[in-house]
There are 2 protein chains.
Amino acid sequence: MADPLEPEQLATYFALMESVSLLHHAVEQQVRAAGGLSYVQFQLLARLADTPERRLTMTELADGVVYSRSGLTHQAGLLEKAGLVTRGPSPDDQRATLVTITEDGLARVAAILPGHVEVVRDLLFAPLSDKDLPALGDIMTRVRDHMRAQPPRSVTTRRRRG
Amino acid sequence: MADPLEPEQLATYFALMESVSLLHHAVEQQVRAAGGLSYVQFQLLARLADTPERRLTMTELADGVVYSRSGLTHQAGLLEKAGLVTRGPSPDDQRATLVTITEDGLARVAAILPGHVEVVRDLLFAPLSDKDLPALGDIMTRVRDHMRAQPPRSVTTRRRRG
DNA sequence: TATTGTTATACTCTATAACTATA
DNA sequence: TATAGTTATAGAGTATAACAATA
């Protein structure tokens with residue numbers, strides 16, 4: 001289990017991390033320039049906009065975007081202060097908070113999206129062939145699902161070598 | 001140019017970003033638990049360790065890891081204070097600072113690496129087939145090289161639609 | 001003039017722990 | 001007891017602008 005990665009694995013890992021770092025940096029700038037939001041805030045809004053009901057509980061909203069409850073509370077507070085979402089109690093579960101995207105929030109997403117798509121296309125998809133797209137999509141979907149299924153693997157839970 | 005991404009592109013983009021976000025979070029925790037470093041600090045050390053001379057100028061060191069000079073100065077200062085690197089003038093260019101990894105720095109990298117590799121293998125490579133690895137490596141290498149070749153694309157430089 | 005790097009500063013993000021309230 | 005969320009707080013990361021020194 002302590003075997004080193006093969007050189008090809010290592011190179012692939014590094015290429016993946018650096019590519020996404022560069023892409024993240026680029027879209028972060030675009031989102032901030034076009035909409036005055038951080039990428040995390042944009043992701044949260046985009047997620048809400050993509051929901052039929054246009055609302056999610058805090059826990060649902062956090063999933064995959066933010067890794068601490070307090071962090072999400074903070075970001076949701078900023079979005080609410082900016083008038084892009086509202087927060088209210090859930091009828092189903094009195095403990096839960098329903099976050100709903102406002103018209104302004106939808107407009108903000110719409111204002112950011114075209115430029116965002118342009119950056120992603122120019123940086124990520126431009127160098128890919130027609131064959132690469134489904135291959136990458138298939139691989140990354142599988143990887144994501146695998147990671148989601150993993151136990152949180154928090155440091156405290158982590159077993160050191162079996 | 002303002003055409004939306006095709007659904008397959010969008011799904012691929014999201015899967016890529018979420019996967020790497022999860023992976024980044026996991027390795028960040030591993031690096032901090034095993035070596036008391038942030039991922040950026042580990043990347044800087046690993047980069048130095050991978051160099052024949054075991055030293056690079058600040059500018060060379062920054063490349064692809066950090067996006068502001070002051071940020072690198074800050075991180076290099078932390079690494080120096082921890083005794084993991086030393087900084088000194090370059091004989092070739094009096095303006096440049098040569099950053100050299102110390103024995104302690106090399107030992108720190110060595111202490112982190114096995115667990116790091118384990119996390120990467122378990123999270124990223126476990127769900128990949130023998131065919132997927134070269135495919136992903138090829139694609140991400142191409143994407144990275146393409147992004148590196150791009151003009152910085154800073155917001156101020158960015159042209160809006162040709 | 002352009003480049004390398006540092007400093008000072010300010011801001012954002014994130015995480016931890018303690019807490020309230022509901023299931 | 002466990003879960004949903006908030007608050008307060010502290011720490012780390014990052015970026016901007018002004019600066020000094022060398023090419």
Side-chain angles (χ1 to χ4, degrees), chain A residues 21-22 24-29 31-33 35-44 55-82 85-100 152 154-157, chain B residues 21-22 24-29 31-33 35-44 55-82 85-100 152 154-157:
Chain A
S21 174
L22 288 165
H24 187 277
H25 189 252
V27 295
E28 179 93 42
Q29 283 186 273
V31 167
R32 197 170 297 279
L37 300 177
S38 71
Y39 188 54
V40 166
Q41 290 163 356
F42 171 68
Q43 285 181 96
L44 296 174
R55 61 186 178 186
L56 293 169
T57 67
M58 292 291 280
T59 296
E60 291 166 342
L61 188 53
D63 184 48
V65 178
V66 154
Y67 301 94
S68 76
R69 293 179 173 284
S70 63
L72 179 58
T73 296
H74 179 236
Q75 293 300 335
L78 293 177
L79 292 174
E80 187 175 42
K81 196 184 316 181
V85 305
T86 60
R87 280 186 291 184
S90 164
D92 301 334
D93 185 335
Q94 288 296 107
R95 296 171 301 181
T97 296
L98 276 179
V99 184
T100 306
S154 71
V155 181
T156 53
T157 308
Chain B
S21 174
L22 289 164
H24 186 277
H25 190 252
V27 294
E28 179 93 41
Q29 282 185 274
V31 168
R32 197 169 298 278
L37 299 178
S38 70
Y39 188 55
V40 165
Q41 290 162 358
F42 170 69
Q43 284 181 98
L44 295 175
R55 61 186 177 186
L56 293 170
T57 67
M58 293 290 280
T59 297
E60 291 166 342
L61 188 53
D63 184 47
V65 178
V66 154
Y67 300 95
S68 76
R69 292 179 174 286
S70 63
L72 178 57
T73 295
H74 180 236
Q75 293 300 333
L78 293 177
L79 291 174
E80 186 175 43
K81 197 184 316 183
V85 306
T86 59
R87 280 186 290 184
S90 164
D92 301 334
D93 185 335
Q94 288 295 108
R95 296 171 302 182
T97 296
L98 276 179
V99 184
T100 307
S154 71
V155 181
T156 53
T157 308

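Every chain is numbered from 1, with letters handed out A, B, ... down the list of sequences. Not measured: the values here are computed from a predicted model.
Atoms CG (L56(B)) and P (dG5(C)) sit 11 Å apart, rounded to a whole Å. As rounded to whole Å, 17 Å separates atom P of dA15(D) from atom OH of Y39(A). For the pair H74(A) NE2 and dT6(D) P, the interatomic distance rounds to 12 Å; values are reported in whole Å. Regarding Y67(A), its OH atom lies at a distance of 18 Å from the P atom of dG5(D), rounded to whole Å. In this structure, L72(A) places its CG atom 13 Å from P of dT7(D), rounding to the nearest Å. Across the protein-nucleic acid pair, L37(B) atom CG and dG13(D) atom C1' stand 15 Å apart, rounded to whole Å. The distance between atom CG of L61(B) and atom P of dT4(C), rounded to the nearest whole Å, is 14 Å. Between the CD atom of E28(A) and the C1' atom of dA15(D) there is a distance of 12 Å, rounded to whole Å.
The 5' end of DNA chain C is approached more closely, in terms of each residue's nearest nucleotide, by A96(B) than by the other of Q41(A) and A96(B). Each of T59(A) and Q75(B) lies near DNA chain D, and the nucleotide nearest T59(A) is the one positioned closer to the 5' end.
In this structure, S90(A) reaches neither bases nor backbone, as no heavy-atom distance under 4.0 Å exists between it and the strands shown. At a threshold of 4.0 angstrom between heavy atoms, the contacts of S38(B) are confined to the sugar-phosphate backbone, with no base atom among them.
Using a 4.5 Å cut-off on side-chain heavy atoms (C-beta onward), T100(A) and V85(A) make no contact. Looking at heavy atoms from C-beta onward, L79(A) lies in side-chain contact with Q41(A) at the 4.5 angstrom threshold.
Residue H25(B) has a polar side-chain atom (N or O) positioned under 4.0 Å from OP1 or OP2 of dA15(C). For the pair R87(B) and dT6(C), the criterion of a side-chain N or O lying under 4.0 Å from OP1 or OP2 is met.
The heavy-atom pair separating V31(B) from Y39(B) by the smallest distance is CG2-CD1, 4.2 Å. Taking every heavy atom of both residues into account, G64(B) and S21(A) meet most closely at O-OG, 4.4 Å. Nearest heavy atoms, V66(B) versus G71(B): CG1-C, 4.3 Å.
Under the salt bridge (Lys or Arg N to Asp or Glu O under 4.0 Å) criterion, R69(A) pairs with no residue, sequence neighbours left out.
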| remark: The contact string for nucleotides 16-23 of chain D, one letter per nucleotide 5' to 3', using protein heavy atoms under 4.0 Å with B, S and - for base, sugar-phosphate only and none, comes out as B-----BS
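Listed candidates were dT6(D), dG5(C), dG13(D). Nearest to the side chain of M58(A) is dT6(D).
Just one of T57(B), L61(B), L72(B), L44(B) meets the side chain to side chain contact (heavy atoms under 4.5 Å, CB included) condition when paired with V99(B); it is L61(B).
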